[in-house]
Novice: 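My structure is below; once you've seen it, I'll send some questions.
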There are 2 protein chains.
Amino acid sequence: MYKIGHIAKQLNVSTDTLRYYERQGLLQASVRSPAGYRLYDDSALEQMRFIVRAKAVGFSLKDIQELLTIKIDKHNHSCEEVKSLTLQKLTQTRQRIEELLKFERSLSVLAERCCGGEESADDCSILTALEDVDGSA
Amino acid sequence: MYKIGHIAKQLNVSTDTLRYYERQGLLQASVRSPAGYRLYDDSALEQMRFIVRAKAVGFSLKDIQELLTIKIDKHNHSCEEVKSLTLQKLTQTRQRIEELLKFERSLSVLAERCCGGEESADDCSILTALEDVDGSA
DNA sequence: CTTGACCTTGAACTCAACTCTAAGGTTTAT
DNA sequence: ATAAACCTTAGAGTTGAGTTCAAGGTCAAG
Ligand SMILES: [Zn+2]
Ligand SMILES: [Zn+2]
Ligand SMILES: [Zn+2]
Ligand SMILES: [Zn+2]
């Protein structure tokens with residue numbers, strides 16, 4: 001049985017994060033010590049590892065809640081549900097990437113054209129582009 | 001002189017957004033009508049266009065505040081300042097894209113391997129990958 | 001002279017994922 | 001026996017960009 005600080009160090013998260021996840025229903029401590037300390041067993045540690053890995057591939061805590069619900073009772077859930085969550089997250093991620101790539105392209109065009117010199121910004125091409133009706137954005 | 005709703009429609013934002021930007025110091029109404037209504041002139045409209053364009057290339061409201069400070073007194077600011085803001089935002093954007101691309105790659109590997117069928121998730125490769133110490137994340 | 005569309009304010013609420021604070025109890029080592 | 005290093009709680013604060021609410025004032029048309 002591990003105390004919260006031990007789990008926190010193992011998984012490189014804060015104790016606050018662990019308590020927060022508990023409030024969010026993601027990970028309950030296995031038992032409490034007589035003094036009220038949270039005590040985690042190996043399966044709790046494994047569950048926390050699952051959470052951390054799911055975060056590392058881009059799932060939100062809300063997604064992870066759903067994944068855990070399935071994982072805890074795999075037999076009554078299907079591959080289809082899991083894949084659907086994954087594809088949904090993939091689509092979201094790709095959309096966000098597309099948006100950011102547009103930003104990236106606009107910003108690099110703006111940056112390329114500006115001389116970046118120490119003289120006054122009176123004729124700065126970046127400001128001009130943002131002012132003009134036909135900006136390159 | 002235009003009322004807030006007119007500006008909002010022109011620029012496809014809500015009146016709440018305009019009031020919010022005012023609180024944030026981004027755009028003051030030019031004057032108030034006797035009844036207290038915000039009245040905007042063409043230069044205010046132009047300034048709002050600038051803000052909208054800057055948002056459209058990925059600048060945050062905080063960035064835009066700095067850009068406006070420079071734009072309003074170009075003569076006492078340099079190209080270098082503007083370019084620096086732009087490059088900083090570009091770097092941030094690229095970092096975020098890198099992070100999301102990692103998510104994207106992990107998620108597509110996970111999704112590819114899962115059959116997505118209606119049978120039970122007992123052997124779902126996605127769950128297995130997130131459980132195992134050597135997940136493909 | 002009333003209806004409906006528009007405008008005002010301040011304050012609270014939203015989302016996500018924590019982080020921090022205060023005030024206190026417990027354990028361990030010296 | 002006391003200090004350091006843990007742990008507990010409820011609740012508030014953070015960030016960013018708004019949105020929503022309640023309660024009311026104003027303006028043009030019919
Ligand atoms: Zn220049
Ligand atoms: Zn420039
Ligand atoms: Zn399957
Ligand atoms: Zn599967």
Side-chain angles (χ1 to χ4, degrees), chain A residues 1-40 44 48 50-68 88-89 92-93 95-96 99-100 103, chain B residues 1-40 44 48 51-68 85 88-89 92-93 95-96 99-100 103:
Chain A
M1 293 298 227
Y2 318 105
K3 282 185 285 183
I4 197 169
H6 181 81
I7 302 285
K9 260 173 211 152
Q10 287 284 308
L11 296 183
N12 206 29
V13 298
S14 73
T15 56
D16 278 326
T17 296
L18 282 161
R19 292 192 199 97
Y20 175 70
Y21 285 3
E22 180 173 297
R23 283 205 297 287
Q24 299 308 303
L26 291 171
L27 179 70
Q28 257 39 55
S30 316
V31 304
R32 292 294 185 114
S33 81
Y37 286 19
R38 287 168 181 81
L39 295 176
Y40 300 86
M48 189 59 193
F50 180 93
I51 294 169
V52 168
R53 279 186 213 112
K55 283 223 74 190
V57 302
F59 285 112
S60 69
L61 296 188
K62 192 158 175 283
D63 298 328
I64 295 173
Q65 269 182 24
E66 298 193 57
L67 288 173
L68 285 171
Q88 209 181 318
K89 183 55 53 175
Q92 267 175 38
T93 304
Q95 277 168 4
R96 182 67 177 140
E99 192 184 0
L100 289 177
F103 291 167
Chain B
M1 292 299 227
Y2 318 106
K3 282 186 284 183
I4 197 168
H6 181 80
I7 302 285
K9 260 171 212 154
Q10 288 285 309
L11 297 183
N12 205 29
V13 299
S14 74
T15 56
D16 281 324
T17 297
L18 282 162
R19 292 192 199 98
Y20 175 69
Y21 286 3
E22 180 174 297
R23 283 206 298 291
Q24 300 306 305
L26 291 172
L27 179 70
Q28 256 41 54
S30 315
V31 304
R32 292 295 185 112
S33 82
Y37 288 16
R38 286 167 181 83
L39 296 175
Y40 300 86
M48 189 59 192
I51 294 169
V52 168
R53 280 186 213 111
K55 284 223 74 190
V57 302
F59 285 112
S60 69
L61 297 188
K62 192 159 175 279
D63 298 329
I64 295 173
Q65 268 182 25
E66 297 192 58
L67 288 172
L68 285 171
L85 276 171
Q88 210 181 320
K89 183 54 53 177
Q92 267 175 38
T93 303
Q95 277 168 6
R96 182 67 178 140
E99 192 184 357
L100 289 176
F103 291 167

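First the proteins, then the strands, lettered A, B, ... as listed; each starts at 1.
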Novice: Just do the side chain to side chain contact (heavy atoms under 4.5 Å, CB included) check on A:Asn12 and A:Val52 with the steps written out, would you?
Specialist: CA-CA 9 Å; A:Asn12 206 29; A:Val52 168; over 6 Å; no

Novice: Roughly, in whole Å, what's the span from CZ in A:Arg23 to P in C:dA17?
Specialist: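 Taking atom P of C:dA17 as the reference, CZ of A:Arg23 is at 14 Å.
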
Novice: Using a strict 4.0 Å threshold on nitrogen-to-oxygen distance, state whether A:Glu22 and A:Arg32 make a salt bridge.
Specialist: yes

Novice: What pair of heavy atoms forms the shortest contact from B:Tyr21 to B:Lys55, and how long is it?
Specialist: OH-CD, 3.5 Å

Novice: Could you state the NZ-P distance from A:Lys62 to C:dA17, rounded to the nearest angstrom?
Specialist: 10 Å

Novice: Show your reasoning for whether side-chain hydrogen bond (donor to acceptor under 3.5 Å, both in side chains) applies to B:Gln92 and B:Lys89.
Specialist: CA-CA 5 Å; B:Gln92 267 175 38; B:Lys89 183 54 53 177; 2.9 Å; yes

Novice: If you look at every heavy atom in B:Leu27 and B:Ala44, which pair is closest and at what distance?
Specialist: CD1-O, 3.6 Å

Novice: Just how far, in rounded Å, is C1' of C:dT21 from CG of A:Asp16?
Specialist: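 Atom CG in A:Asp16 sits about 10 Å away from atom C1' in C:dT21.
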
Novice: What closest approach, in Å, do B:Thr15 and B:Gly5 show between heavy atoms, and which atom pair accounts for it?
Specialist: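 Closest heavy-atom pair between B:Thr15 and B:Gly5: CG2-CA, 3.9 Å.
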
Novice: Between C:dC18 atom P and A:Leu18 atom CG, what is the distance in whole Å?
Specialist: 10 Å

Novice: Which nucleotide span of DNA chain D, 5' end to 3' end, has atoms closer than 4.0 Å to non-hydrogen atoms of chain A?
Specialist: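 The footprint of chain A covers D:dC6 to D:dT9.
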
Novice: So, OP1 or OP2 of C:dA16: does either fall under 4.0 Å of a side-chain N or O from A:Tyr20?
Specialist: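 No.
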
Novice: By a strict heavy-atom criterion of less than 4.0 Å, which residues belonging to residues 28-39 of chain A are in contact with DNA chain D?
Specialist: A:Arg32, A:Gly36, A:Tyr37, A:Arg38

Novice: Measure the shortest side-chain to side-chain distance between A:Leu68 and A:Ile51 over non-hydrogen atoms and say whether it is less than 4.5 angstrom.
Specialist: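 Yes, their side chains come closer than 4.5 Å.
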
Novice: For B:Ser14 and A:Arg19, find the nucleotide of DNA chain D closest to each by heavy atoms; which residue's nucleotide sits nearer the 5' end?
Specialist: A:Arg19

Novice: Given that A:Lys3 and B:Thr15 both sit by DNA chain C, which one's nearest nucleotide is further toward the 5' end?
Specialist: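 On the 5' side of the pair lies B:Thr15.
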
Novice: Rounded to the nearest angstrom, tell me the gap between atom OH in B:Tyr2 and atom P in C:dC6.
Specialist: 18 Å

Novice: Whole-Å distance between C:dA17 P and A:Ile51 CD1?
Specialist: 12 Å

Novice: So do A:Met48 and A:Leu26 actually touch side chain to side chain, heavy atoms under 4.5 Å?
Specialist: no

